Amino acid sequence: MSERILLLGSGGRECAIAWKISQSPELEKLFIAPGNGGTDSYGENIAISPLDFQAIEKFVSEQDIDMIVVGNEDPLVAGIYDYFASRSNAPLIVGPSKMGAALEGSKDFAKQFMARHGIPTAAYRSFTAETVAEGEKFLETLRPPYVLKADGLAAGKGVLIIDSLEEAKSSLREMLGGMFGASSATVVIEQFLKGIECSVFVLTDGNGGYRILPVAKDYKRIGEGDTGLNTGGMGAVSPVAFADAEWMQKVEERIVRPTVEGLKAEGIVYRGFIFLGLIDVDGEPMVIEYNVRMGDPETEVVMLRIGSDLVPLLRAAASGDLGELPLEIDARYATTVMVVSGGYPGSYPKGKVITGAAEAPRGSVWFHAGTSKNAAGELVTSGGRVIACSAYGDTLTEALEASYAGANAIDFDGKYFRRDIGSDLKAIEEGL
Ligand code: AMP
Ligand code: GLY
C-alpha cells in the first residue's frame with residue numbers, strides 16, 4: 001500500500017502523530033492542515049482550516065487523498081465524518097461520526113450513554129434554565145466540593161469545582177445564563193470523585209474491534225504541585241505506575257469493552273480514537289470524561305511508545321476491521337515537558353524568536369505545538385504551548401532528565417515550564 005494521508009490539526013498532538021506516520025513504509029505522502037512550524041519536518045503543511053469541509057473535499061480530490069486523520073475534536077463534533085460519508089470516492093476517515101463525537105460534544109449525552117451501559121462514573125443530574133430551582137435543590141443533597149460542567153464544548157474551561165454551596169448555586173445560575181455561551185445551556189452537576197487521574201486511549205474499528213494504546217498521565221495545572229489555572233496540559237508521562245495490569249484489566253472489562261460494544265449496539269458509527277479520562281477511586285477505575293480524539297500532550301508520549309507501524313492500524317480501524325493486526329508497545333518510559341509562553345493560560349505574546357530548538361539529541365523528540373515561521377524564516381512562538389520536549393528512558397527518571405534537558409536548551413523570551421512533571425509517579429514507583 002502507498003497511502004496519501006491528510007492529517008487535520010496544528011498542535012503538539014498533530015506533530016507527534018505526523019512524526020509517527022512519517023516513519024511508515026506504507027506512506028507515500030503526508031499533508032498536515034494547517035500544521036505548525038514543526039509538522040513540516042514530517043510532511044507538507046497546507047493552509048486549510050480543519051473546519052472548512054468544502055476546501056478539504058476539494059484538496060482531497062485534487063491530491064487523491066486515501067485517508068484523513070482527524071487530530072482535534074472540532075471537525076468531528078461538526079460532522080466531518082458524516083460530510084464525507086455521503087460522498088462517492090470518499091477517503092477513509094479516522095474519527096467518529098457526529099453522533100459518536102457527541103460523547104465529547106455533550107456531557108449529558110456521555111453520561112446517559114454510560115448509564116445505559118453500566119459504565120462506572122460519578123452520579124449526576126442535568127439541568128437547564130427551566131429546572132434551575134431543582135438544580136439548586138440537587139446541590140443541597142451533595143457534599144462539597146461541587147462539580148458543575150457545561151454540557152457542550154467550552155475549550156476545556158467548562159468544568160467548575162466549587163467548595164461553597166452558595167457559590168455553587170450562583171455559578172449554576174451564571175452557567176445557565178450563558179457563562180459559556182450555548183455550551184452551558186445545559187449543566188451537568190455530578191458527584192465529586194477523589195483520586196488520581198490518567199488517560200487511556202483506545203483505537204476502535206466500530207465493529208467491536210479495538211486496541212488499547214499505552215496509558216498516560218497528564219499535568220493540567222500551570223503551577224508546580226498542581227496549583228493555579230487549568231491549561232491544555234503541561235506535560236505527560238507513560239506508563240503510569242498505578243495503572244498496572246490488574247487495574248487495566250478492570251478498565252478493559254468495565255469501561256473499554258462496554259463502550260466499544262455499546263457504540264456498536266446503538267448503531268453509532270465510531271472508527272477512531274476514544275480518549276477515556278479516568279480516575280482511580282480506591283483502586284477502582286471510573287470515567288471522568290470521554291474525548292473523541294487523542295489527548296494533548298499525552299499523544300506526545302503515547303506515539304513514542306507505539307512500536308508498530310501506525311498507518312496499517314489507522315487504515316484498518318477506519319475501514320471497520322482491525323482484524324488481527326498487532327499493536328506492539330515499546331517497554332521504555334516516555335515523558336514530555338511542555339515549554340510554554342509566559343502568561344499562558346492567560347494572555348501571552350506571540351512572535352518571540354525561538355532558539356536552541358533545531359535538533360533534539362538521540363532518544364529525544366521535540367514536538368512543536370505553538371510555533372510558526374516568520375517572514376524571515378525564523379522559528380517563532382505562535383501559541384501558549386510552544387514545544388513539547390519528549391524523550392525515552394529506561395527509567396522514569398532517565399526520560400524526565402532528557403525531557404528537561406530539552407526544556408532547558410530551547411529558549412525564547414518569557415519561556416516557562418513546570419519542573420515537577422512525573423514527580424508524583426516517581427514517588428509511587430519508589431514506594432515513598
Ligand atoms: P473534564 O473536562 O470533564 O475532564 O473535567 C476537567 C477536570 O475536572 C478533570 O480532569 C478532573 O480533574 C476534574 N473533574 C471533572 N469531573 C470530576 C468529578 N466528578 N470529580 C472530581 N474531579 C472532576
Ligand atoms: N490533555 C487533555 C486533553 O487533551 O484534553
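This is a predicted model, so every value here is computed, not measured. Numbering of ligands and ligand atoms starts at 1, following listing order.
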Donor-acceptor side-chain pairing of Thr259 and Tyr290 below 3.5 angstrom: yes
Identity and distance of the protein heavy atom lying nearest atom 2 (C) of ligand 2: Asp218 OD2, 3.3 Å
Contact check: Glu289 vs ligand 2, nitrogen or oxygen atoms, below 3.5 angstrom: no
Backbone N/O of Asn72 and side chain of Arg293: donor-acceptor pair under 3.5 Å: no
Residue-ligand contact Arg13/ligand 2, heavy atom below 4.0 Å: no
For Val159, the ligand 1 atoms whose distance to one of its heavy atoms is below 4.0 Å: 1 (P), 2 (O), 3 (O), 5 (O), 6 (C), 8 (O)
Aromatic plane relationship, Trp247 with Phe242 - under 30° parallel, 30 to 60° tilted, over 60° perpendicular: perpendicular
Option nearest atom 4 (O) of ligand 2 (shortest heavy-atom distance, choices Thr299, Asp296, Asn291): Asp296
Modelled atom types, side-chain donor and acceptor of Ser97 and Asp82, under 3.5 Å: no
Ile279, portion touching ligand 1 at heavy-atom distance under 4.0 Å: neither
Per-atom contacts, ligand 2 versus Arg293 - under 4.0 Å to a heavy atom: 3 (C), 4 (O), 5 (O)
Lys217, portion touching ligand 2 at heavy-atom distance under 4.0 Å: neither
Test item: Arg332 side-chain N/O and Leu304 main-chain N/O as donor-acceptor pair under 3.5 Å: no
Any side-chain donor near an acceptor of the partner, Asn36 and Ser10, under 3.5 Å: no
Closest contact, heavy atoms only, Met175 versus Phe180: CE-CE1, 3.8 Å
Any side-chain heavy-atom pair of Leu8 and Ile80 under 4.5 Å: yes
Nearest neighbour in protein (non-hydrogen) for atom 17 (C) of ligand 1: Ile288 CD1, 3.5 Å
Value rounded to 0.5 Å, distance of CZ in Arg211 from CG in Leu203: 8.0 Å
Ligand 1 contacted by Ile161 (non-hydrogen, < 4.0 Å): yes
Donor-acceptor pair between Tyr219 and Asp420 side chains, under 3.5 angstrom: no
Flag for Thr381-Ser341: side-chain donor and acceptor within less than 3.5 Å: no
Ala236 to ligand 2, any heavy atom closer than 4.0 Å: no
Whether Thr186 side chain and Thr128 backbone form a donor-acceptor pair below 3.5 Å: no
Close approach, Lys220 and ligand 1, non-hydrogen under 4.0 angstrom: yes
Option whose closest heavy atom lies nearest to atom 20 (N) of ligand 1, chosen from Leu160, Leu193, Val147: Leu193
Under 4.0 Å to a heavy atom of Glu197 - the qualifying atoms of ligand 1, by number: 9 (C), 10 (O), 11 (C), 12 (O)
Gly295 to ligand 2, any heavy atom closer than 4.0 Å: yes
For Phe192, the ligand 1 atoms whose distance to one of its heavy atoms is below 4.0 Å: 20 (N), 21 (C), 22 (N)
Nearest candidate to atom 15 (C) of ligand 1, where distance is taken over non-hydrogen atoms, out of Lys149, Met286, Glu289: Lys149
Heavy atom of protein inside 4.0 Å of atom 7 (C) of ligand 1, strictly below: no
Per-atom contacts of ligand 1 with Glu190, taking only distances under 4.0 Å to non-hydrogen atoms: 16 (N), 17 (C), 18 (C), 19 (N)
